[in-house]
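Have a look at the structure below, then the notes.
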Amino acid sequence: MKETTMLRKIIAIALIGLSSTATNLRAENVEILNVSYDIARELYAKINPVFIAKWQAETGQILSVRQSHAGSSKQARAILQGLQADLVTFNQVLDVQVLADKGGFVSNSWQADLPNNASPYYSLPAFLVRGGNPKGIKDWDDLARDDVSLVFPNPKTSGNGRYTYLSAYAFALNKNGGDHKAAEEFLRKILKNVAVFDTGGRGATTTFVERGIGDVLITFEAEVENIRAKEADGAYDRVVPSISILAEFPVAVVEKIAKSRGTEQVSKAYLDFLYSKEGQEIIVSFNNRVNHPEVVKANADNFPQVKLFTVEDVFGSWPDANKTHFATDGVFDRLQRR
Amino acid sequence: MLLRHYILIGTAFAFMAVMVILPIVSIYHRAFSEGWDVYWANISHPDTLAAIWLTIATALIVLPVNIVFGVAAAWAIARYRFFGRRLLLVLIEMPLAISPIVAGLCFLLIYGAYGPVGSALDPFGIQLMFNLTGIILVSFFVTCPFIVREVLPVLMVTGENEEKAALTLGANGWQILWFVTLPNILWALVYGAILATARALGEFGAVSVVSGSIRGETMTLPLQVEMLYNDYNATGAFAAATVLTLLALVTLILRALIALLHPQSRTHSGAQR
């Protein structure tokens with residue numbers, strides 16, 4: 001019989017635990033959940049304490065910011081299934097748009113609600129080459145040379161890889177006066193030079209840095225710099241191409257949830273903070289590009305000039321680009337079959 | 001022993017060394033590669049501590065439910081002939097055949113805020129997914145076959161003679177369960193419980209779908225390991241992995257200890273196996 005009372009106790013404790021997570025609200029304290037993409041953990045770990053202090057100074061409220069990190073498509077789906085996000089900070093525009101389209105979680109005008117298409121910072125595909133740049137890589141042309149081998153994630157499975165593919169395509173279009181045949185031929189050469197197609201950015205980095213495969217790793221500029229910062233001085237160099245595609249990091253308040261939780265105001269303030277000088281200085285320290293004029297000026301030396309296109313400029317829209325290039329039997333598949 | 005016996009045994013050991021020992025040793029090697037201080041800093045990070053606690057709490061909550069359900073189900077199937085008995089057997093084994101990630105998605109579709117059950121509970125402010133409840137539900141799903149599978153064959157083999165004898169001697173239901181049935185199945189029950197716990201501790205796919213990945217809150221150790229690895233913090237990932245392997249070792253040691261303390265239960269089930 002002893003065991004049954006033990007069991008009862010354990011179950012009782014479990015139930016108490018469950019009910020306390022369900023009603024985890026205290027009046028004087030405010031709590032928001034920032035649902036974010038997978039590799040932004042360190043960035044928001046730096047931003048949150050600064051904003052929390054600022055919010056307390058302004059309102060007297062004790063704020064806590066909870067963070068959720070995973071692939072942004074997975075995160076969007078989790079919110080659609082009930083993850084109580086007050087705001088999202090993603091790395092794919094489509095994943096925020098889904099929240100607007102399905103059930104009005106996010107306002108339809110979300111991209112116009114905040115500056116720069118609701119993207120407080122941006123990045124672009126750039127190159128990481130071995131120390132001293134032994135192959136003399138300067139621009140996308142060099143990646144099509146016969147003696148160069150490349151590492152970047154598979155565009156079929158990775159948003160990062162899609163940016164690389166589309167940037168190379170935009171470069172070739174620009175160079176050949178909009179000739180799609182020539183652009184495809186250029187891409188065929190680039191794809192032929194790929195040594196390893198990993199499924200994601202993390203895998204591609206491991207292939208290039210730890211396994212020592214390839215002459216060039218193509219990934220976001222911020223990643224290029226973060227990798228260089230972690231490795232020995234001079235082990236790798238950064239090369240920024242003349243043309244690239246703008247990679248946006250869109251943010252939005254999840255109004256449907258924030259309204260019901262009474263956190264709309266603080267969520268908006270949080271996003272505004274990302275655009276403030278203080279916020280932008282933290283963001284730029286993670287090697288993302290920002291738009292705040294003073295911060296841009298102070299960091300001008302770190303970010304070479306690039307001619308940036310948006311996916312909309314060149315390919316119409318993300319769904320169009322996906323359909324034409326990355327769908328089964330699309331251009332990418334065709335070029336892969338050598 | 002003949003030479004070929006030695007070759008056979010040597011092959012078995014070599015295989016285990018390559019497939020099991022080497023990866024485990026490499027976890028510890030990598031975790032301590034930057035020294036004890038870095039290891040400790042990684043382990044004592046609040047997020048990692050929260051993940052350790054959440055993982056243990058999940059296992060501790062799931063285990064008693066599993067024991068009660070597992071013994072009851074195994075006993076019902078072994079002792080009674082009823083309509084749907086075979087179906088019940090198949091259903092109990094189903095979680096082994098279903099990919100955990102699919103299981104997680106099914107739970108999300110049914111118990112998520114817009115699923116049939118989730119939306120019915122929503123007006124009462126009860127949320128089942130993206131918190132401890134969701135993690136416990138899917139952990140129970142993936143671990144529920146283990147105890148039944150271990151206990152059922154033993155119940156089948158021991159038969160019901162001892163239980164019937166106890167009944168004729170005037171024992172009541174609880175006495176039969178406590179003094180006759182449980183001692184017979186003890187070793188199988190413990191073994192099943194250990195397997196189920198090990199599985200609950202290490203489950204990734206199903207938990208990953210319903211967790212919501214809120215750091216310091218709904219990240220179990222396997223999720224924490226993956227997140228740290230994706231953050232380019234390989235040392236931190238391996239440090240968290242050492243805790244996970246340590247927990248697994250503790251369950252194995254518990255099993256050995258119980259075998260030592262209850263030698264008769266070991267010989268008993270040993271005779272049946």
Side-chain angles (χ1 to χ4, degrees), chain A residues 1-4 6-11 13-15 17-25 33-42 44-45 64 66-71 74-75 77-85 102-103 200-203 205-206 209-210 223 226-227 229-231 257 260, chain B residues 45 47 54 57-58 60-65 67-68 104-105 107-115 118-119 121-122 124-137 174-175 177-178 182 208-219 223-224 226-234:
Chain A
M1 298 302 114
K2 251 185 189 168
E3 178 151 289
T4 51
M6 255 287 265
L7 264 181
R8 249 181 240 148
K9 261 186 199 165
I10 292 170
I11 291 168
I13 291 167
L15 287 177
L18 297 186
S19 58
S20 69
T21 50
T23 54
N24 209 352
L25 293 168
L33 174 61
N34 174 6
V35 172
S36 190
Y37 58 100
D38 36 13
I39 52 171
R41 202 171 67 97
E42 288 172 28
Y44 286 103
S64 72
R66 299 149 76 217
Q67 286 292 141
S68 167
H69 294 284
K74 183 180 170 189
Q75 296 288 57
R77 234 163 283 140
I79 292 169
L80 292 178
Q81 291 295 341
L83 181 61
Q84 295 289 296
K102 294 193 175 167
R202 181 62 178 93
T205 304
T206 307
V209 174
E210 281 170 33
E223 284 290 291
N226 292 342
I227 295 165
K230 290 201 176 162
E231 302 297 326
I257 294 166
S260 73
Chain B
H45 189 279
D47 289 353
L54 177 66
T58 304
L60 287 182
I61 293 169
V62 169
L63 182 64
V65 184
I67 289 176
V68 173
L105 285 173
F107 268 78
L108 205 52
L109 290 178
I110 295 166
Y111 300 104
Y114 302 94
S119 59
L121 292 173
D122 198 44
F124 305 103
I126 298 172
Q127 201 191 343
L128 296 178
M129 294 290 113
F130 309 116
N131 55 28
L132 181 61
T133 326
I135 294 172
I136 287 170
L137 284 176
W174 285 111
Q175 283 171 324
L177 178 70
W178 193 247
L182 277 182
S208 150
V209 177
V210 303
S211 126
S213 315
I214 304 169
R215 69 192 178 98
E217 209 171 303
T218 65
M219 299 288 277
L223 301 187
Q224 183 77 7
E226 196 220 15
M227 187 188 73
L228 290 170
Y229 186 70
N230 283 337
D231 273 356
Y232 300 101
N233 183 358

- Item | A:Leu33, part contacting chain B, at a heavy-atom distance under 4.5 Å | side chain
- With a 4.5 angstrom heavy-atom cut-off, could you sort out which part of B:Met227 is near chain A: side chain, backbone, both or neither? side chain
- Over 12 non-hydrogen atoms of neighbours within 6.0 angstrom of NZ in A:Lys230: yes
- Part of A:Glu42 lying under 4.5 Å from any heavy atom of chain B: side chain
- Residue from B:Ser208, B:Gly216, B:Ala234 scoring the most non-hydrogen pairs under 4.5 Å with chain A is B:Ser208
- Item | B:Leu105 portion near chain A, given a 4.5 angstrom heavy-atom threshold | neither
- Query: Are side-chain heavy atoms of A:Gln84 and B:Phe130 found at a separation under 4.5 Å?
  - Reply: no
- Message: As an exercise: rank B:Ser213, B:Gly112, B:Ala113 by heavy-atom pairs under 4.5 Å with chain A and give me the winner.
- Response: B:Ser213
- Select one option (side chain, backbone, both, neither) describing which atoms of B:Thr218 are under 4.5 Å from chain A's heavy atoms. neither
- Query: Given that the side chain runs from C-beta out, which part of A:Ser36 has a heavy atom under 4.5 Å from chain B: side chain, backbone, both or neither?
  - Reply: neither
- Query: Can you tell me if B:Gln127 uses its side chain to pair, donor with acceptor, with the backbone of A:Gly82 under 3.5 Å?
  - Reply: yes
- Close side-chain approach of B:Leu137 to B:Met129, heavy-atom, < 4.5 Å: yes
- Task: Taking the side chain as every heavy atom from C-beta outward, state whether B:Asp47 and B:Gln224 have any atom pair closer than 4.5 Å.
- Result: yes
- Between B:Val209, B:Leu109, B:Leu108, B:Leu223, which shows the greatest number of heavy-atom pairs under 4.5 Å with chain A? B:Leu108
- Query: Is there a donor-acceptor contact under 3.5 Å from the side chain of B:Arg215 to the main chain of A:His69?
  - Reply: no
- Message: Set out, in order, the CA-CA distance, both residues' side-chain angles and the distance that settles side-chain contact (heavy atoms from CB on, under 4.5 Å) for A:Leu83 and B:Ile214, then state yes or no.
- Response: CA-CA 10 Å; A:Leu83 181 61; B:Ile214 304 169; 4.2 Å; yes
- Query: For B:Tyr111, is it the side chain, the backbone, both or neither that has a heavy atom under 4.5 Å from a heavy atom of chain A?
  - Reply: neither
